[in-house]
Amino acid sequence: MSARGAGVPLIDDDALDDLERELVGRLRGRVLEIGAGEGENFGAMHPDVEWTGLEPDARRRAELATRAREWRHEAAPLDAVAEAIPLPDASVDAVVGTYVLCSVRDPAAVLAEVRRVLVPGGRVVFVDHVAAPPRTLKRAVQAVATPIARRVCHGCHWNRDTEAALAAAGFTGTDVRRLRVRSRPFGPVPMLLFDGRA
């Protein structure tokens, strides 16, 4: 391990899943989930959450609607992109996105929309692949792999500096975890788990 990886915990997928569930489980009130996929986070959400999901992919949205009903969420998923959230200003208490900011077209526009729909001081939880430290072999591998990943992994950019984007958008982290998750064949994947406020 290089000095640049020193101090950043190395975990496996099971430990990552546990941490994701912990963060999502903290949310309360009116929660907007952007890029909600097929509803993978429902099991982690507190029963009192009033959930609204946003998912632009029609196939995923159909499965999401079915799973939302199974989990007793009444709101139909929104057919929209996170760059243009069809909700009023200050209409949700929290926003969550898991593996979303790495795949959207315009992260700054998404985060501006997230701020707009959040109540003042509202909570955000994001879990994402992120860029490795500058001038590392991992960062070079990410630069080469990202054009391929964008085509085959739902638009995923492995080389985004999501933590900097969150700070630039005015979000303050209250629990920020930088991790590396074991992966083959290219070595550990840098991850960011961010629980913060607008």
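Computed from a prediction, not measured in an experiment: that's the story for all the values here.
Taking CG of D89 as the reference point, atom CD of E113 lies at 8.5 Å (rounded to 0.5 Å). Rounded to the nearest 0.5 Å, atoms CD (E40) and CG (L64) are 8.5 Å apart. Taking CG of D79 as the start and CG of D57 as the end, the distance is 10.0 Å to the nearest 0.5 Å. Once rounded to the nearest 0.5 Å, the distance linking CG of L193 with CG of L19 reads 6.0 Å. L23 CG to D18 CG: the interatomic distance, rounded to the nearest 0.5 Å, is 12.0 Å. Atom CG in L192 sits 11.5 Å away from atom NE2 in H129 (nearest 0.5 Å).
Across every non-hydrogen atom of L118 and A198, the tightest pair is CD1-CB, 4.0 Å. The minimum heavy-atom distance between P88 and S91, with the atom names listed, is O-OG, 2.7 Å. In terms of heavy-atom proximity, R67 sits nearest to F42 at C-CE1, 3.7 Å. Among all heavy-atom pairs drawn from G53 and A36, the shortest one is CA-CB, 4.4 Å. The two residues L54 and L32 make their nearest non-hydrogen contact at CB-CD1, 4.3 Å.
Proximity of a side-chain donor or acceptor of R197 to a complementary backbone N or O of T172 within less than 3.5 Å is not detected. Not one N or O on the side chain of R180 forms a donor-acceptor pair closer than 3.5 Å with the backbone of P188. Counting only distance, with no hydrogens or angles, the side chain of D12 and the backbone of D14 share a donor-acceptor pair below 3.5 Å. No donor-acceptor pair under 3.5 Å is formed between the side chain of D195 and the backbone N or O of V125. Between the side chain of R123 and the main chain of D93, no donor-acceptor pair closer than 3.5 Å is present. Remark: side-chain polar atoms of R178 are not paired, donor with acceptor, to backbone N or O of V8 under 3.5 angstrom. Side-chain N or O atoms of R61 include none that pairs as donor or acceptor with a backbone N or O of P77 at under 3.5 Å. Proximity of a side-chain donor or acceptor of E20 to a complementary backbone N or O of T98 within less than 3.5 Å is not detected. A distance-only check finds no donor-acceptor pair linking the side chain of R60 to the backbone of E55 [under 3.5 Å].
V119 and V117 are not part of a single hydrophobic cluster, where members link through side-chain heavy atoms under 4.5 Å apart. Side-chain heavy atoms closer than 4.5 Å link hydrophobic residues (I, L, V, M, F, W, Y) into clusters, and following such links, even through other members, never connects L87 to V81. Under the 4.5 Å side-chain heavy-atom criterion for ILVMFWY residues, a single connected hydrophobic cluster contains both V181 and V24. With hydrophobic clusters built from ILVMFWY side chains whose heavy atoms lie under 4.5 angstrom apart, L166 shares a cluster with V176.
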Practice item. Check step by step if side-chain contact (heavy atoms from CB on, under 4.5 Å) holds for V124 and L111. Key: CA-CA 10 Å; V124 293; L111 293 173; over 6 Å; no
Exercise for review: Go through the steps to decide whether E38 and R59 satisfy the test side-chain contact (heavy atoms from CB on, under 4.5 Å), and finish with yes or no.
Suggested key: CA-CA 9 Å; E38 297 178 354; R59 184 193 60 76; 2.8 Å; yes
**Study point:** Test side-chain contact (heavy atoms from CB on, under 4.5 Å) applied to R116 and V114, step by step
**Key:** CA-CA 5 Å; R116 180 185 65 77; V114 167; over 6 Å; no
Check your understanding: When you look at D128 and R160, which way does the salt bridge (charged side-chain N to carboxylate O under 4.0 Å, His left out) test go after all the steps?
Key -> CA-CA 9 Å; D128 257 300; R160 282 195 172 154; over 6 Å; no
Exercise for review: Under the side-chain contact (heavy atoms from CB on, under 4.5 Å) rule, what do V130 and E163 come out as? Steps first, then yes or no, please.
Suggested key: CA-CA 8 Å; V130 293; E163 189 171 358; over 6 Å; no
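Atom CD of E50 has 12 or fewer neighbouring heavy atoms from other residues, nucleotides or ligands inside a 6.0 Å radius. When the shell of 6.0 Å around CD of E70 is examined, it contains more than 12 heavy atoms from other residues, nucleotides or ligands.
Ring geometry for F171 versus F126: interplanar angle over 60°, hence perpendicular rather than tilted (30 to 60°). Using cut-offs of 30° and 60° for the angle between ring planes, the W51 and H73 rings count as tilted.
Taking 4.5 Å as the limit, every side-chain heavy atom of R30 sits out of range of all side-chain heavy atoms of T52.
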